[in-house]
Engineer: 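Have a look at the structure that comes next, please.
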Amino acid sequence: MTVAVVLFTADLRLRDHPPLHAALRSADEVVPLFVLDPGIRAAGFDAPNRRAFLADCLHDLDASLRRRGGRLVLRSGPVVREVRAVAAACGAAEVHMAAGVTAYAHRREERLRKELGAAGVALRVHEAVITALAPGAVTPAGSDHYGVFTPYLRRWSRETLRRPLAAPRAVRVPDGVRGEPLPVRADVSGTSPGLPPGGETAGRDRFARWSRSGGMAAYEDRHDDLAGDATSRLSPYFHFGALSAAEAVHRARGQGGQGAEAFVRQLCWRDFHHQVLAARPEASWRDYRTRDDRWRGEDDAAEEIAAWRDGRTGYPIVDAAMRQLRHEGWMHNRARLLTASFLTKTLYVDWRIGARHFLDLLVDGDVVNNQLNWQWAAGTGTDTRPHRVLNPTVQARRFDPHGAYVRRWVPELADVDAGRIHEPWRLPPDRRDALGYPDPVVGLAEGLTRFRRARGRD
């Protein structure tokens, strides 16, 4: 009997899973393996919300495999050591896995290839598993990646994506391969109260309900509506690979319409960021395009940073977004942009401080999209207008015109009328004092002046 190992990473699903299909074609038996690598925790990426969501994903994946006669094998320890041990225990000739783009993923692949090769085991790495189109599949003349989104979108849209694969009917796992008990969400402390359930089943159900209810059809018109909450909320499932990006593109294009096109454009943004980081892995901690900023840090802006994190800046739309983040482990896409712009360009605080806080709480937080979106907002990334500033009151009036989003998350302002809810500092002093809501940590004009001077724009 021939045996292959499938190492699951950020691809926790059975549908449209090229490594699993390849392993089932090449071997009589397959070991579906997931390794809880202490290196993830040591690097600070093992946040409670993602750990709890991961537990759901692993249980769902195991249940799906058991319905097909298999099971998920879980091991804990350094990933290279555990993969090599499992391959040796079952006599595997091959290990299949999805390609990654982070510096950690590159190191993992290099070490696996070396260690497994020394043991006579072949490593098969599959592209376009985590993304719809493989990073590096399209490049501009004279460069190894696209640094601007629109040209990438045009090229990406002309490419033919691979056809999605069905879930396998049967998965035969060899006897005697040792595994550990799967982690349980209930054992994870410090999670957000509104954290959604994880797993392929939950992700596919959410996608189907959102599409059937008209969410995709209305996406172009409503995806920036803060109060309407009309986005798909699928980002955690894409982050963990519980949903296939390639399959989602095919399904959206099959539905058609402007809403579907807008949704596909967001998936293209995800691929765009992956190809940027694949070519420039240092962009996860270093400016992609430096502006020689002299950012303020924890020592210089401790009180303002704390107010931002706690949702007590005195700017209702910013505070609502930050409180949503703490409660749900998720934040509306428009709110992510304006809170990031506020921290970096109004408070002039280092984008890495904001990115770290988001990674501490976001269930969909990852090095690729989180870091590069923060750099876009800070003007050190791929934005072609690096000095762009999102005025929080203007953004609030446009995307929360009646104040419903603010009232949901900032109950102190529940009784303030729409005309003043986004600028409570304009209320009479006695009314303002009665609210128990803080005054702004900085004036917008003051913050903009500080930003412009630091950037040499004045």
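If you're wondering where the values come from, they're calculated on a predicted model, not measured in any experiment.
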Engineer: Look at the rings of W308 and F358 and say which category their plane angle falls in: under 30° parallel, 30 to 60° tilted, over 60° perpendicular.
Structural biologist: parallel

Engineer: Is R388 atom CZ crowded by more than 12 heavy atoms from other residues, nucleotides or ligands, each under 6.0 Å away?
Structural biologist: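 Atom CZ in R388 is packed in, count exceeds 12.
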
Engineer: Using only atom types and a distance under 3.5 Å, with no angle test, would you say the side chain of W376 pairs donor to acceptor with the backbone of L337?
Structural biologist: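 Here the side-chain-to-backbone pair does not exist.
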
Engineer: So does A85 get a backbone contact from the side chain of R75, meaning a donor-acceptor N/O pair under 3.5 Å?
Structural biologist: no

Engineer: Give a yes or no on whether a salt bridge exists between R280 and D144, defined as a side-chain N under 4.0 angstrom from a carboxylate O.
Structural biologist: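 Yes, charged N to carboxylate O under 4.0 Å.
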
Engineer: Sequence neighbours excluded, which residues qualify as salt bridge (charged side-chain N to carboxylate O under 4.0 Å, His left out) partners of R253?
Structural biologist: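 Once residues adjacent in sequence are excluded, R253 has no partner under the salt bridge (charged side-chain N to carboxylate O under 4.0 Å, His left out) criterion.
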
Engineer: Going by atom types alone, do D11 and H17 pair a side-chain donor with an acceptor below 3.5 Å?
Structural biologist: yes

Engineer: Checking N49 side chain against S192 main chain: does a donor-acceptor pair fall under 3.5 Å?
Structural biologist: yes

Engineer: Before accepting this row, confirm whether a basic side-chain N of the pair R323/D319 lies closer than 4.0 Å to the acidic partner's carboxylate O.
Structural biologist: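 Salt bridge: no.
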
Engineer: Below 6.0 angstrom between ring centroids: does that apply to F240 and F8?
Structural biologist: no

Engineer: Do the charged groups of R356 and E298 touch, with an N to O distance under 4.0 Å?
Structural biologist: no

Engineer: Using a 3.5 Å distance criterion without hydrogens, assess whether the side chain of H106 forms a donor-acceptor pair with backbone atoms of V101.
Structural biologist: yes

Engineer: Check this for me: does any side-chain nitrogen of one of R113 and E109 sit under 4.0 Å from a carboxylate oxygen of the other?
Structural biologist: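 Yes, this pair counts.
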
Engineer: Does V79 form a side chain to side chain contact (heavy atoms under 4.5 Å, CB included) with L7? I'd like the steps, not just the answer.
Structural biologist: CA-CA 10 Å; V79 64; L7 176 62; 4.2 Å; yes

Engineer: Using a 3.5 Å distance criterion without hydrogens, assess whether the side chain of R111 forms a donor-acceptor pair with backbone atoms of V80.
Structural biologist: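 Answer holds: no.
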
Engineer: Scan side-chain atoms only and decide if T380 and Q375 contain a donor-acceptor pair under the 3.5 Å cut-off.
Structural biologist: yes

Engineer: Give a yes or no answer on whether the side chain of E159 reaches the backbone of L133 with a donor-acceptor pair at less than 3.5 Å.
Structural biologist: no

Engineer: What pair of heavy atoms forms the shortest contact from A301 to V349, and how long is it?
Structural biologist: CB-CG2, 4.0 Å

Engineer: For the backbone of R294 and the side chain of Y348, can you confirm whether one donor and one acceptor N or O come within less than 3.5 Å of each other?
Structural biologist: yes

Engineer: Salt bridge between D364 and R336, side-chain N to carboxylate O under 4.0 Å?
Structural biologist: yes

Engineer: Cut-off 3.5 Å, side chains only: do W351 and D287 have a donor facing an acceptor?
Structural biologist: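 A donor-acceptor contact under 3.5 Å links the two side chains.
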
Engineer: Would you please say whether a donor-acceptor pair under 3.5 Å links the side chains of D28 and T2?
Structural biologist: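 Present: a donor and an acceptor within the cut-off.
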
Engineer: Let's go through V138 and Y146 carefully: what are the C-alpha distance in whole Å and the side-chain angles of both, what is the deciding distance for side chain to side chain contact (heavy atoms under 4.5 Å, CB included) to 0.1 Å, and is it a yes or a no?
Structural biologist: CA-CA 8 Å; V138 294; Y146 281 89; 4.2 Å; yes

Engineer: Looking only at side-chain N and O atoms, does E94 offer a donor or acceptor that is under 3.5 Å from a partner on S26?
Structural biologist: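 S26 vs E94: donor-acceptor pair found between side chains.
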
Engineer: In terms of ring plane angle, is the pair F263 and F207 parallel, tilted or perpendicular, where the classes change at 30° and 60°?
Structural biologist: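 Aromatic pair F263/F207 classed tilted.
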
Engineer: Do the side chains of D350 and R352 get close enough for a salt bridge, i.e. N-O under 4.0 angstrom?
Structural biologist: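 A salt bridge links D350 with R352.
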
Engineer: Answer yes or no: is there an ion pair linking R162 with D16, defined by an N-O contact shorter than 4.0 Å?
Structural biologist: yes

Engineer: Counting N and O atoms only, with roles assigned by atom type, does the side chain of S341 sit under 3.5 Å from a partner on the main chain of A377, one being a donor and the other an acceptor?
Structural biologist: no

Engineer: Report the relative orientation of the aromatic rings in W269 and H273; use parallel for angles under 30°, tilted for 30 to 60°, perpendicular for over 60°.
Structural biologist: tilted

Engineer: Indicate yes or no for a side-chain donor-acceptor contact from E200 to the backbone of R15 under 3.5 Å, with no hydrogens or angles considered.
Structural biologist: yes

Engineer: Does the S211 side chain pair with the main chain of A208, one donor and one acceptor, at a distance under 3.5 Å?
Structural biologist: no

Engineer: Could you check W409 against R326 for side chain to side chain contact (heavy atoms under 4.5 Å, CB included), going step by step and ending with a plain yes or no?
Structural biologist: CA-CA 11 Å; W409 296 108; R326 190 169 295 279; over 6 Å; no

Engineer: So does R172 have more than 12 non-hydrogen atoms from other groups sitting under 6.0 Å from CZ?
Structural biologist: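 Counting other residues, nucleotides and ligands, CZ of R172 stays at 12 neighbours or fewer.
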
